[in-house]
Number of protein chains: 2
Amino acid sequence: MGAEDRLSVVFGALADPTRRAILARLAEGPATVNEIAEPFAMTLPAVSKHLKVLERAGLISRGRQAQWRPCKLEAGPLREASDFLGRYRPFWQGPIQDGALQAS
Amino acid sequence: MGAEDRLSVVFGALADPTRRAILARLAEGPATVNEIAEPFAMTLPAVSKHLKVLERAGLISRGRQAQWRPCKLEAGPLREASDFLGRYRPFWQGPIQDGALQAS
DNA sequence: CCTTTTGTTTACCTATCGGTTAATTAGACC
DNA sequence: GGTCTAATTAACCGATAGGTAAACAAAAGG
C-alpha cells in the first residue's frame, strides 16, 4: 500500500479485520479508546495506531472531553469506496455488459 | 494488511492504484500480461506480482493460449466488498440511524 | 536446434505494517 | 504537588509490500 491517493488510503484502512471491527463498534455510537480496545487481544498502543490509520483515511474523527478522546464514525469515505465498487456492478450482476468505466 | 480473511485480501488488493487501473483495463475485456503492463512505468515482474495479488483475491482469472496468459476480470469478490460497505450506507446517507450492523 | 516472444521465478533492497514494551503527555482528583 | 487514569509517542522488532535486475521456462517459428 505504498500509495497516497484517497481511495488507496481508504481501502488500505479497510484491509484489516481489527480496523473493520472498530468501525463496526463505532457504528453503534461513539466510544473512547479504552472502550474500543477492550474486545481486542492487543495492547493499547496497537489500537491507537489502528485509530490513527482510520483517522488518516477520514473514517473516524476524535473529540476531546477531559482526558478522554471519544472516537466517532465518519462514513463519508466509505461512500467514495462504494461508488468505486458500484462502477463494477454490471460485471457481477448481469452476464455481459459493455463497460462505461472511467479511470480509477 | 497482514490478515488472511477474504475481505482483507480483497480490500488489500484494491488498496493500490496500479491494481485498480488493471481492473479498469480488464473491465474493457480480457488482456495479456504485456497488454496490461503497457501503460505502466514499471517492469513486467512488478506487473506480474500485482496480477498475482489480484488473482489471490479472486479478482482475476488467467487462461492459457500458447505462450500468452490472458487475464479476465472476476468481479464476484467486489460484490462482497460492496455488501460490506452497503451496511454503512445509513451512516453516510441519512442523519442518524440506529445501526443493525453484524460482525465484519 | 536456435532464436524470439511471453511471462514467471529468484534473489535482493528499502520502506511500511502490525505488534510489543517503556516512557511521556495531559487532565482529574485529593 | 503528588497520584491515578487515559491516551499517545518513541524505540524497537520481524514480516510483508512494492519495486528492481537477472535468470529461467515454455511455446512458436524459422
Side-chain angles (χ1 to χ4, degrees), chain A residues 1-23 25-26 29-57 59-73 104, chain B residues 1-23 25-26 29-72 104:
Chain A
M1 225 171 326
E4 72 282 15
D5 61 291
R6 267 196 80 62
L7 220 36
S8 294
V9 172
V10 172
F11 280 132
L14 294 174
D16 182 288
T18 300
R19 288 194 292 262
R20 290 198 305 278
I22 291 174
L23 292 182
R25 166 64 186 83
L26 293 179
T32 67
V33 176
N34 273 290
E35 286 168 349
I36 291 168
E38 189 269 327
F40 300 109
M42 67 182 68
T43 59
L44 256 195
V47 172
S48 203
K49 281 188 181 183
H50 281 303
L51 291 174
K52 204 181 319 187
V53 172
L54 290 169
E55 191 175 33
R56 264 195 74 226
L59 289 169
I60 67 170
S61 61
R62 282 140 131 173
R64 270 195 186 224
Q65 300 179 31
Q67 68 267 57
W68 292 272
R69 249 58 118 234
C71 297
K72 184 169 160 292
L73 178 64
S104 90
Chain B
M1 222 172 321
E4 71 283 14
D5 61 290
R6 264 195 83 60
L7 220 35
S8 295
V9 173
V10 172
F11 280 132
L14 293 174
D16 182 289
T18 300
R19 287 193 292 262
R20 291 197 305 278
I22 291 174
L23 292 183
R25 166 66 186 81
L26 292 179
T32 67
V33 177
N34 273 290
E35 286 168 349
I36 291 169
E38 190 268 325
F40 300 109
M42 69 182 68
T43 59
L44 255 197
V47 173
S48 203
K49 280 191 183 181
H50 283 304
L51 292 174
K52 204 181 320 186
V53 172
L54 290 169
E55 192 175 32
R56 264 195 76 225
L59 289 169
I60 66 170
S61 61
R62 282 140 131 175
R64 273 197 185 224
Q65 301 179 32
Q67 68 267 58
W68 292 273
R69 250 59 120 234
C71 296
K72 185 168 159 291
S104 89

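Chain naming here is simple, since letters A, B, ... match the order of the sequence lines and numbering starts at 1 in each.
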*Asks:* How is A:Ala46 classified with respect to the nucleic acid when contacts are heavy atoms under 4.0 Å: base, sugar-phosphate, or nothing?
*Replies:* base
*Asks:* Tell me every residue that passes salt bridge (charged side-chain N to carboxylate O under 4.0 Å, His left out) with A:Lys72, counting only those two or more places apart in sequence or in another chain.
*Replies:* A:Glu74
*Asks:* What are the two closest non-hydrogen atoms of B:Gly12 and A:Ala15, and how far apart are they?
*Replies:* N-CB, 3.4 Å
*Asks:* Rounded to whole Å, how long is the line connecting atom CD1 of A:Ile60 with atom P of D:dA7?
*Replies:* 12 Å
*Asks:* Can a side chain N or O of A:Thr43 be found less than 4.0 Å away from OP1 or OP2 on C:dG19?
*Replies:* no
*Asks:* Could you tell me which residues satisfy side-chain hydrogen bond (donor to acceptor under 3.5 Å, both in side chains) with A:Glu55, sequence neighbours excluded, listed by chain and number?
*Replies:* A:Arg62
*Asks:* Is A:His50 near enough to C:dC17 that one of its side-chain N or O atoms lies under 4.0 angstrom from OP1 or OP2?
*Replies:* no
*Asks:* Rounded to whole Å, how long is the line connecting atom CZ of B:Arg19 with atom P of D:dA17?
*Replies:* 9 Å
*Asks:* Without decimals, in angstroms, what is the distance between A:Met42 CE and C:dT21 P?
*Replies:* 13 Å
*Asks:* Polar-atom pairs under 3.5 Å, protein N or O versus N or O of nucleotides 6-9 of chain C: list them with distances, or write none.
*Replies:*
residue: C:dG7; atom: OP1; partner: B:Val33; partner atom: N; Å: 3.3
residue: C:dG7; atom: OP1; partner: B:Arg69; partner atom: N; Å: 3.4
residue: C:dG7; atom: OP2; partner: B:Asn34; partner atom: N; Å: 2.9
residue: C:dG7; atom: OP2; partner: B:Asn34; partner atom: ND2; Å: 2.3
residue: C:dT8; atom: OP1; partner: B:Arg62; partner atom: NH2; Å: 2.8
residue: C:dT8; atom: OP2; partner: B:Ser48; partner atom: OG; Å: 2.5

*Asks:* Could you list all the side chain to side chain donor-acceptor pair (under 3.5 Å) pairs where at least one residue sits in residues 41-53 of chain A, not counting sequence neighbours?
*Replies:* A:Arg19-A:His50
*Asks:* Kindly list each side-chain donor-acceptor pair under 3.5 angstrom involving residues 30-38 of chain B, sequence neighbours excluded, with atom names and distances?
*Replies:*
residue: B:Thr32; atom: OG1; partner: B:Glu35; partner atom: N; Å: 3.3
residue: B:Glu35; atom: OE1; partner: B:Thr32; partner atom: N; Å: 2.9

*Asks:* Consider side-chain contact (heavy atoms from CB on, under 4.5 Å). Of B:Val53, B:Leu59, B:Leu51, which one does B:Ile22 pass it with?
*Replies:* B:Leu51
*Asks:* Please give, in whole Å, the distance from C:dG18 P to B:Asp5 CG?
*Replies:* 12 Å
*Asks:* In whole angstroms, how far is the P atom of C:dG19 from the CG atom of A:Asp16?
*Replies:* 6 Å
